[in-house]
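One structure is given here, and the rest of the page talks about it.
In this text, all values refer to a predicted model and were calculated from it rather than measured experimentally. Every chain is numbered from 1 and lettered A, B, ... according to where its sequence line falls, protein lines coming before strand lines.
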Protein chains: 2
Amino acid sequence: MLSQSIEDYIKAIYKLQEHNTSVTTNDLAKKMNVSAASATNMVKKLAEMNLAEHTSYKGVTLTEAGTKIALEIVRHHRLLELYLQQALGYTWDKVHEEAEHLEHHISEEFEDRINDFLGNPQYDPHGAPIPSRDGTIPTISKDSLADADEDNEYIMQRVEEESPDFLRYVGGLGLFPNVRFKLIAKEPFKGPLTLRVDGDMKIIGHETASKLYVYRSESA
Amino acid sequence: MLSQSIEDYIKAIYKLQEHNTSVTTNDLAKKMNVSAASATNMVKKLAEMNLAEHTSYKGVTLTEAGTKIALEIVRHHRLLELYLQQALGYTWDKVHEEAEHLEHHISEEFEDRINDFLGNPQYDPHGAPIPSRDGTIPTISKDSLADADEDNEYIMQRVEEESPDFLRYVGGLGLFPNVRFKLIAKEPFKGPLTLRVDGDMKIIGHETASKLYVYRSESA
DNA sequence: AATAAATTTTAGTTTAAGCTAAAAACAAAC
DNA sequence: GTTTGTTTTTAGCTTAAACTAAAATTTATT
């Protein structure tokens, strides 16, 4: 059984890998809120355990074994998030934190039972893909709303931010996964975007838009 | 936030206090599966934190503050057990272990939500009382079936053992909380007991009976 | 290319929780 | 009421995961 700490580091590396090509110990230290030295130590330990590869002064990558563990943790996390929402009525801004604590402590049986309760779901409340038991990840759009084109219709896929405040803000605009909307206007130079969501006009900043992933909708 | 370890010790002391009047560090060490020295160390730390009182070479008692914490943990544990059974279909022999892991990691919100889901329940799947939010404990019979009298009707209140094997055995006899049965015969000298449960005759040992708590039923 | 700045690693400490072995205190037996 | 045996505590060691400060390496600047 891996320590909670080890699991947290693996998950952090996994998440950093999704974005940045190379993950430095410093990136990791920041994400984990520990000193750079602590991150280095853990990375060396992970390498020792063959869960990561580390080239000094360069960066870290998860090995296949490490990735497998990361996917299990992410699966736990996202299943829990959805379960908290669907079964216990949590709002989407609160599920992350609770799942964060629980993800390390549920058994395989628990995982299976909530998975069955939820009908083997593909996405969590924020639209993030839930890795399947065997490590397959449902496809997701990698198109940020910030790169979308005026005058097109889109469907919200995913909000890639977990801060409660941000989620409440976005939710207040009606922008939940699977919601359809139209991008009416988009100012140049990272300016604001105007959307029509369910008949209402909403203006959001470029920064916000960059965290929303969408796919083109066949306009109705 | 108390460490998991501290919480586990507090809970162990609480449970030992329920039975034995005085709790020695050795009792505690056995219950916790640690060396006597480790138990002594922790007890001193708890005393330091004003969660327990310790008189050297004598024993430990929880303070009011310590008891309050114990009750919270026990509440978490028993609510979880019932939730796992009611909401997720766990059998009663498996709920203990899962709850044991989760009890330290659920938030107050989680506690409240499962409590509401369960309708503010009083007893867990084994008939153990669930302390209320404010620390009140539902009444329970302290009469063991081992001390019961021939020819009377009883209702199962509680099974005071958490080992899966034992619970499966007892469950196989049909002896769940709230089940009514009649004590047909009872051999002297800690001999076996004969019961009629739902029309069927069952013979159980004294040792088993001593772990079953019952109350007299007004015979129908 | 040489030096300055930033990043990463190494070295050595700290804390929590465990351990063993030895010492101290208590209980029991003669 | 000593002596013997058990229980409890003390002392000192180990491991995991953090830390700071110093050394090493890489990157950036002139």
Side-chain angles (χ1 to χ4, degrees), chain A residues 1-17 19-62 66 69-70 73 100-101 103-105, chain B residues 1-17 19-62 66 69-70 73 100-101 103-105:
Chain A
M1 186 96 313
L2 300 172
S3 75
Q4 156 127 228
S5 189
I6 290 175
E7 288 191 359
D8 282 332
Y9 274 98
I10 290 175
K11 186 172 128 187
I13 297 169
Y14 177 83
K15 292 212 159 185
L16 290 168
Q17 273 185 331
H19 286 282
N20 320 346
T21 326
S22 93
V23 176
T24 68
T25 50
N26 233 327
D27 294 342
L28 188 52
K30 270 173 205 149
K31 182 131 210 168
M32 291 292 297
N33 283 307
V34 297
S35 70
S38 300
T40 300
N41 280 338
M42 182 55 86
V43 162
K44 292 182 84 176
K45 184 195 272 193
L46 292 176
E48 195 58 46
M49 300 167 95
N50 291 310
L51 298 175
E53 277 172 50
H54 181 220
T55 15
S56 253
Y57 294 100
K58 288 292 171 190
V60 216
T61 345
L62 291 180
I69 290 164
I73 302 166
E100 196 75 0
H101 295 303
E103 64 188 10
H104 305 290
H105 307 287
Chain B
M1 186 94 316
L2 300 171
S3 75
Q4 156 127 228
S5 189
I6 290 175
E7 288 191 359
D8 282 333
Y9 275 97
I10 291 174
K11 186 172 129 186
I13 297 170
Y14 177 82
K15 291 212 160 187
L16 289 168
Q17 272 185 334
H19 287 282
N20 320 347
T21 326
S22 92
V23 176
T24 68
T25 50
N26 234 325
D27 295 341
L28 188 52
K30 271 173 204 149
K31 182 130 209 170
M32 291 292 297
N33 283 307
V34 296
S35 71
S38 300
T40 300
N41 280 339
M42 181 55 86
V43 162
K44 292 181 83 176
K45 185 195 271 192
L46 292 176
E48 196 58 46
M49 299 167 98
N50 291 310
L51 298 175
E53 277 172 48
H54 181 221
T55 17
S56 252
Y57 294 101
K58 288 293 171 190
V60 217
T61 345
L62 292 179
I69 289 164
I73 302 166
E100 197 75 1
H101 293 127
E103 63 188 12
H104 304 291
H105 307 287

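- In terms of heavy-atom proximity, S35(A) sits nearest to A29(A) at O-CB, 3.7 Å.
- For the atom pair NZ of K11(B) and NZ of K31(B), the computed distance is 9.0 Å after rounding to the nearest 0.5 Å.
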Next on the checklist: Would Y9(B) and V34(B) count as a side-chain contact (heavy atoms from CB on, under 4.5 Å) here? Give the steps.
Outcome noted: CA-CA 11 Å; Y9(B) 275 97; V34(B) 296; 3.4 Å; yes
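- If you measure from atom CG of D8(B) to atom C1' of dA16(C), you get 14 Å, rounded to the nearest angstrom.
- Distance Y9(A) OH to dA16(D) C1': 11 Å, rounded to the nearest Å.
- Scanning for side chain to side chain donor-acceptor pair (under 3.5 Å) contacts around H104(B) gives Q4(B), E7(B), D8(B), with sequence neighbours left out.
- Separating the CD atom of Q4(A) from the P atom of dA18(D) is a distance of 10 Å, rounded to the nearest angstrom.
- A distance of 10.5 Å separates CD of E48(B) from CG of L46(B), quoted to the nearest 0.5 Å.
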Item to check | nucleotides 1-7 of chain C: protein proximity per nucleotide (B base, S sugar-phosphate only, - neither; heavy atom, under 4.0 Å) | outcome: ------S
Give me, pair by pair, the N or O atoms of the protein and of nucleotides 19-22 of chain D that are less than 3.5 Å apart, along with how far apart they are.
| unit_1 | atom_1 | unit_2 | atom_2 | d |
| --- | --- | --- | --- | --- |
| dC19(D) | OP1 | S35(A) | N | 3.4 |
| dC19(D) | OP2 | S35(A) | N | 2.9 |
| dC19(D) | OP2 | S35(A) | OG | 2.9 |
| dC19(D) | OP2 | S38(A) | OG | 2.4 |

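- Each of K44(B) and I6(A) was matched to the nucleotide of DNA chain D holding its nearest heavy atom; the match closer to the 5' end belongs to K44(B).
- Atom CG in L46(A) sits roughly 13 Å away from atom P in dT9(C) (whole-Å rounding).
- Between the CG atom in L16(B) and the CG atom in D27(B) there is a gap of 6.0 Å [rounded to 0.5 Å].
- OP1 or OP2 of dA16(D) has not a single side-chain nitrogen or oxygen of S5(A) nearer than 4.0 Å.
- Between K58(A) and dT25(D), a side-chain N or O to OP1/OP2 separation shorter than 4.0 Å is absent.
- L2(A) CG to I73(A) CD1: the interatomic distance, rounded to the nearest 0.5 Å, is 7.5 Å.
- A salt bridge between K58(B) and E53(B) is absent, with no side-chain N of the basic residue lying under 4.0 Å from a carboxylate O of the acidic one.
- At the heavy-atom level, T40(B) lies under 4.0 Å from base atoms of the strands shown.
- Regarding L28(B), its CG atom lies at a distance of 14 Å from the C1' atom of dG18(C), rounded to whole Å.
- With sequence neighbours excluded, the residues forming a side-chain contact (heavy atoms from CB on, under 4.5 Å) with S56(A) are H54(A), listed by chain and number.
- Of the listed residues (T24(B), L51(B), T25(B)), just one forms a side chain to side chain contact (heavy atoms under 4.5 Å, CB included) with V43(B), and that residue is T25(B).
- If you take CG on L28(B) and CD on Q17(B), they are separated by 10.5 Å, rounding to the nearest 0.5 Å.
- Near DNA chain C, defined here as any heavy-atom distance below 4.0 Å, there are no residues from residues 48-56 of chain B.
- Within the 4.0 Å cut-off from OP1 or OP2 of dT7(D), not a single side-chain nitrogen or oxygen of T25(B) is found.
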Item to check | Nucleotide-level pairing of DNA chain D, given in dot-bracket where Watson-Crick and G-U pairs need both distances under 3.5 Å and | marks other strands | outcome: ||||||||||||||||||||||||||||||
